[in-house]
Amino acid sequence: MDGEVAQEISQDTKNTALLIWVGTIFFGFIPGLILFLTKKDDAYIQDQAKEALNWSITAMIGYVAGVILMVVLIGAIVMLAVGICHLVFSIMGAIAVSKGQNFRVPFALRLIK
C-alpha cells in the first residue's frame with residue numbers, strides 16, 4: 001500500500017473509487033470491470049478499478065480451488081480463508097481510497113496491467 005496522499009484527487013473520484021471497492025465485496029469483479037471500461041479519462045479510478053479487478057479474479061481462482069478441494073475435505077477451509085481475505089482486502093481498499101491513497105492488495109495476481 002502506498003501511503004502517499006495525492007492532493008489533486010477530487011472527492012467525486014474518491015467516492016467512485018470507494019464504490020468500486022465496496023461493490024467488490026458484494027458483486028465481485030463486476031464493479032471493477034464496469035468502471036475500468038467506462039472511466040478511461042480518470043487515471044486514479046482506472047488504477048483502482050484494475051486493482052479491484054485483479055483482486056476479484058484472484059479471489060475467484062481461490063474459490064474455484066476451494067470447490068475442487070472439497071473432494072479432499074479441505075475445500076471449506078480454503079473457501080473460508082479466501083472469503084475472509086476478500087472481505088478484509090476490500091475493506092482496506094475502501095478505507096485507503098476514501099483518503100485518496102493508492103491501494104495494492106499484497107496477494108493479488110497482476111493479470112490486468
Side-chain angles (χ1 to χ4, degrees):
M1 177 168 46
D2 185 11
E4 294 180 19
V5 177
Q7 299 298 330
E8 68 276 356
I9 297 173
S10 71
Q11 189 61 43
D12 286 341
T13 299
K14 290 180 196 176
N15 291 342
T16 303
L18 178 66
L19 287 176
I20 293 170
W21 282 106
V22 172
T24 299
I25 295 171
F26 300 106
F27 303 113
F29 68 93
I30 295 170
L33 180 63
I34 290 171
L35 289 167
F36 176 70
L37 294 174
T38 58
K39 291 287 192 174
K40 299 281 186 190
D41 58 334
D42 193 328
Y44 185 71
I45 291 176
Q46 275 287 301
D47 180 58
Q48 290 306 307
K50 278 192 280 189
E51 188 64 21
L53 196 51
N54 282 329
W55 170 244
S56 296
I57 293 169
T58 303
M60 196 177 338
I61 291 169
Y63 285 128
V64 169
V67 168
I68 292 169
L69 290 173
M70 287 284 193
V71 175
V72 289
L73 303 175
I74 63 166
I77 296 169
V78 170
M79 289 182 68
L80 180 65
V82 170
I84 290 170
C85 286
H86 181 69
L87 180 65
V88 168
F89 288 141
S90 295
I91 291 171
M92 287 172 61
I95 291 169
V97 298
S98 70
K99 297 175 186 174
Q101 299 172 339
N102 289 326
F103 179 72
R104 295 285 173 261
V105 177
F107 304 114
L109 300 174
R110 305 283 180 237
L111 300 173
I112 300 171
K113 304 223 181 237

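For this chain, numbers begin at 1 and follow the sequence in order.
Connection of Trp55 to Leu87 is established within a shared hydrophobic cluster, with ILVMFWY side chains joined at heavy-atom distances below 4.5 Å, either directly or through further cluster members. There is no path of hydrophobic side-chain contacts, each under 4.5 Å, that joins Ile74 to Ile84. Placement of Val72 and Ile61 in two distinct hydrophobic clusters is found when ILVMFWY residues are connected by side-chain heavy-atom separations under 4.5 Å, directly or transitively. When hydrophobic clusters are built by joining Ile, Leu, Val, Met, Phe, Trp and Tyr residues whose side-chain heavy atoms come closer than 4.5 Å, directly or via intermediates, Ile91 is grouped together with Phe27. Grouping the Ile, Leu, Val, Met, Phe, Trp and Tyr side chains by contacts below 4.5 angstrom, directly or via other members, places Trp21 with Ile9.
Taking each heavy atom of Val105 and Arg110 in turn, the nearest pair found is O-NH2, 2.9 Å. A pairwise comparison of heavy atoms in Ala59 and Val82 identifies O-CG1, 3.6 Å as the closest pair. Contact record, Thr24 with Ala52: OG1-CB, 3.7 Å, taken as the closest heavy-atom pair. Contact detail for Ala108 and Glu51: the closest heavy-atom pair is CB-OE2, 4.3 Å.
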Checking Asn54 against Leu109 for the side chain to side chain contact (heavy atoms under 4.5 Å, CB included) test, could you report, in this order, the C-alpha distance in whole Å, the side-chain angles of both residues, the deciding distance, and whether it holds?
CA-CA 6 Å; Asn54 282 329; Leu109 300 174; over 6 Å; no
Take Tyr44 and Val97, measure what side chain to side chain contact (heavy atoms under 4.5 Å, CB included) needs, and give me the verdict at the end.
CA-CA 9 Å; Tyr44 185 71; Val97 298; 3.4 Å; yes
What verdict does the side chain to side chain contact (heavy atoms under 4.5 Å, CB included) test give for Phe103 and Ser90, after you've listed the backbone C-alpha separation in whole Å, the side-chain angles of each residue and the deciding distance to 0.1 Å?
CA-CA 10 Å; Phe103 179 72; Ser90 295; over 6 Å; no
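With side-chain heavy atoms closer than 4.5 Å counting as contact, directly or through intermediates, Ile77 stands alone and belongs to no larger hydrophobic cluster.
Taking the six-membered ring where the residue is Trp, Phe89 and Phe107 present tilted rings, their angle falling between 30° and 60°.
Within 6.0 Å of CZ on Phe29 lie no more than 12 heavy atoms contributed by other residues, nucleotides or ligands.
Rounded to the nearest 0.5 Å, atoms CG (Leu53) and OG1 (Thr58) are 9.5 Å apart. A distance of 9.0 Å separates OG1 in Thr38 from CG in Leu33, rounded to the nearest 0.5 Å. For the atom pair Ile68 CD1 and Tyr63 OH, the distance stands at 15.0 Å (nearest 0.5 Å).
Using a 4.5 Å heavy-atom threshold, the side chains of Asn102 and Gln48 count as touching.
Screening Ile112, Ile45, Leu111, Leu35 for a side-chain contact (heavy atoms from CB on, under 4.5 Å) with Lys50, the sole residue that qualifies is Ile112.
Judged by distance alone, the side chain of His86 and the main-chain N or O of Gly28 form no donor-acceptor pair under 3.5 Å. At least one donor-acceptor pair closer than 3.5 Å links the side chain of Gln46 to the backbone N or O of Lys39.
In this structure, a donor-acceptor pair under 3.5 Å is present between the side chains of Gln11 and Asn15.
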